[in-house]
Amino acid sequence: MSAIKEPSFRESVDLMFNRAVALMDLPPGLEEKIRVCNATYTVRFGVRLRGEIKTFTGYRSVHSEHMEPVKGGIRFATSVNQDEVEALAALMTYKCALVEAPFGGSKGGLCIDPREYDEHELERVTRRFAYELAKRDLIHPSQNVPAPDMGTGEREMAWIADQYARMNTTDINARACVTGKPLNAGGISGRVEATGRGVQYALREFFRDPRDSEKAGLSGGLDGKRVIVQGLGNVGYHAAKFLSDEDGAIIVGIIERDGALVNPSGLDVDAVQQWLAKHGGIADYPDATHHAEGGAILEEECDILIPAALEGVINISNAARVKAPLIIEAANGPVTAGADEILRKKGTVIIPDMYANAGGVTVSYFEWVKNLSHIRFGRMQRRQEEARHQLVVDELEKISEAMGPQYSLTDRFKQKYLRGADELELVRSGLDDTMRIAYQSMRDVWHDRADVEDLRTAAYLVSIDKVAASYRAKGL
Ligand code: GLU
């Protein structure tokens with residue numbers, strides 16, 4: 001361990017924020033107003049479990065209400081604390097601004113190890129936590145809309161939605177009180193894969209401009225790029241799967257709780273994930289070399305490093321040894337402010353968390369809109385679109401018949417062209433568009449401003465500018 005003290009997660013976010021605002025011309029006081037967390041609520045409640053009363057501590061922090069509702073996940077982990085939820089809430093503000101999701105930033109957490117409880121117990125704890133938050137309007141369709149985060153998923157969101165609906169029996173928009181719900185409880189297609197999908201779209205956009213990949217000393221596209229992923233949870237799994245299945249990237253390393261798997265010719269992401277689900281670890285997975293000291297693999301040779309687990313995993317004690325020329329922060333805060341400085345000096349390109357993992361909240365936004373409009377995306381136009389395409393195909397077929405058999409339309413073309421978009425396709429298209437536009441806004445700042453060295457500062461500049469504009473418009 002280095003002798004220099006690492007700042008806390010929230011201090012790290014503040015330091016990065018400060019670096020960016022130093023390059024801006026904000027009116028006095030507004031900078032401070034944007035930086036600070038507006039409120040953090042701590043709730044302590046008892047639940048009778050296994051014959052005794054257990055007291056749990058939870059938080060919901062609201063960073064900025066320049067737009068409402070405020071948005072951000074709820075995390076279940078023993079490490080949850082006020083500093084962490086405040087840092088994560090601040091990141092949500094910047095993330096939503098950057099991808100133009102019309103929300104302020106919030107985050108919640110419950111100190112609990114979900115693996116210690118059975119499903120029934122977890123349901124009681126989650127419902128009680130939701131009750132405590134909802135009765136204070138910290139869960140509310142127009143004020144505060146949680147979503148999944150580490151340790152939570154569709155199941156917990158369904159319990160929260162149901163708890164809110166029980167407490168607000170006449171609220172026609174009750175389902176919009178939380179996102180990340182299962183499809184049958186008001187969810188949207190593509191939300192589970194969304195954050196990993198967003199990481200894929202982010203990387204595709206990065207490699208679209210050779211000036212960007214050159215900055216990382218890379219060339220070409222994603223095909224054949226060697227990738228190391230840390231954390232095979234929802235985000236890491238989907239990112240790794242899509243990159244290898246659809247873009248030809250080679251997953252050479254996967255780091256998990258019980259060590260890392262390495263295979264230079266590529267790991268089968270689905271096989272590793274199935275092994276992990278079945279055995280609770282990756283240690284004995286057959287088609288790779290297992291390293292008990294998983295963290296060391298963060299320092300291995302590769303083209304792209306994807307930290308997709310906890311915050312602070314790349315810090316001042318290991319940053320200098322990280323060899324990847326490109327890091328994409330699929331997790332929130334995986335690179336500390338100290339490590340960021342070391343890596344920046346080395347020329348490592350970092351695609352920052354507030355952009356890289358924004359796919360989750362982007363599709364949450366679509367889900368919230370779907371809940372408020374009470375209709376599935378594509379329901380009105382899909383068949384009409386198909387009918388109009390059929391007209392075009394019929395006309396083309398008439399012409400091609402007259403021109404001869406070599407001009408006939410291929411079945412593949414007809415199949416692809418005739419099919420109207422369903423909800424999943426529309427969600428992916430909206431997500432792709434969002435990730436491209438947000439990246440382009442960072443890219444412009446990165447390339448055009450001589451005083452902006454890195455994508456993180458560019459991301460902060462774009463998002464703080466938007467938050468500041470909202471405050472100004474409100475007359476603050
Ligand atoms: N927890 C996710 C995040 O950190 C998703 C938040 C949301 O969908 O509101 O971005």
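Heads up: numbering here begins at 1 and tracks the sequence. All ligand and atom numbering here is 1-based and tracks the order in the structure.
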TODO: Answer with yes or no after comparing the ring centroid distance for Y94 and F17 against a 6.0 Å cut-off, counting only values under it.
DONE: yes
Task: Nitrogen or oxygen atoms of V145 and ligand 1 under 3.5 Å apart - done: no
Open item on the list: Within the structure, is a non-hydrogen atom of R191 found at a distance of less than 4.0 Å from ligand 1?
Closed with: yes
Task: Ligand-side contact atoms (ligand 1) for residue partner V361, heavy atom cut-off under 4.0 Å - done: 7 (C), 8 (O), 9 (O)
Open item on the list: Would R19 and Y460 count as a cation-pi pair here, with the cationic atom under 6.0 angstrom from the ring centre and within 45° of the axis?
Closed with: no
Task: Sidechain-backbone polar pair: R136 side chain, E132 backbone, donor-acceptor under 3.5 Å - done: yes
Task: G180 touching ligand 1 at heavy-atom level, < 4.0 angstrom - done: no
- [ ] Could you list the atoms of ligand 1 found under 4.0 angstrom from a heavy atom of N332?
- [x] 4 (O)
Open item on the list: Are there over 12 heavy-atom neighbours, none belonging to F56, within less than 6.0 Å of that residue's CZ?
Closed with: yes
Task: Salt bridge D162-R127, side-chain N to carboxylate O under 4.0 Å - done: yes
Open item on the list: Under 4.0 Å from a heavy atom of G73: which atoms of ligand 1 are those, numbered in the order shown and with their elements?
Closed with: 1 (N), 6 (C)
Open item on the list: Among D245, D432, D247, which residue satisfies the side chain to side chain donor-acceptor pair (under 3.5 Å) criterion with Q200?
Closed with: D247
Open item on the list: Distance under 4.0 Å to a non-hydrogen atom of A147: what atoms of ligand 1 satisfy this?
Closed with: 6 (C), 7 (C), 8 (O), 9 (O)
Task: Protein contact of atom 9 (O) of ligand 1 - nearest heavy atom, named by residue and atom, plus distance - done: K71 NZ, 2.8 Å
Open item on the list: Under the salt bridge (Lys or Arg N to Asp or Glu O under 4.0 Å) test against R443, which residue among D448, D212, D454 passes?
Closed with: D212
- [ ] Number the atoms of ligand 1 from 1 as they appear, then name those within less than 4.0 Å of a heavy atom of K107, with their elements.
- [x] 1 (N), 3 (C), 4 (O)
Task: Exercise: do N371 and N173 side chains pair donor with acceptor under 3.5 Å - done: no
- [ ] With K215 as the cation and W446 as the aromatic partner, state whether NZ or CZ is under 6.0 Å from the six-membered ring centre and within 45° of the axis.
- [x] yes
Open item on the list: Check this for me, if you would: do K370 and E423 make a salt bridge, where the nitrogen-to-carboxylate-oxygen distance has to be below 4.0 angstrom?
Closed with: yes
- [ ] Enumerate the atoms of ligand 1 whose separation from the nearest heavy atom of K95 is less than 4.0 angstrom.
- [x] 3 (C), 4 (O), 10 (O)
Task: Mode of P146 contact toward ligand 1 - side chain, backbone, both, neither (heavy atoms, under 4.0 Å) - done: neither
Task: Contact (N/O only, under 3.5 Å) between S364 and ligand 1 - done: yes
- [ ] With heavy atoms of G360 as the reference, note each atom of ligand 1 found under 4.0 Å away.
- [x] 8 (O)
Open item on the list: Under 4.0 Å, counting heavy atoms only: does R75 come that close to any atom of ligand 1?
Closed with: no
Open item on the list: Under a 4.0 angstrom heavy-atom cut-off, which atoms of ligand 1 come close to M92?
Closed with: 3 (C), 4 (O), 6 (C), 10 (O)
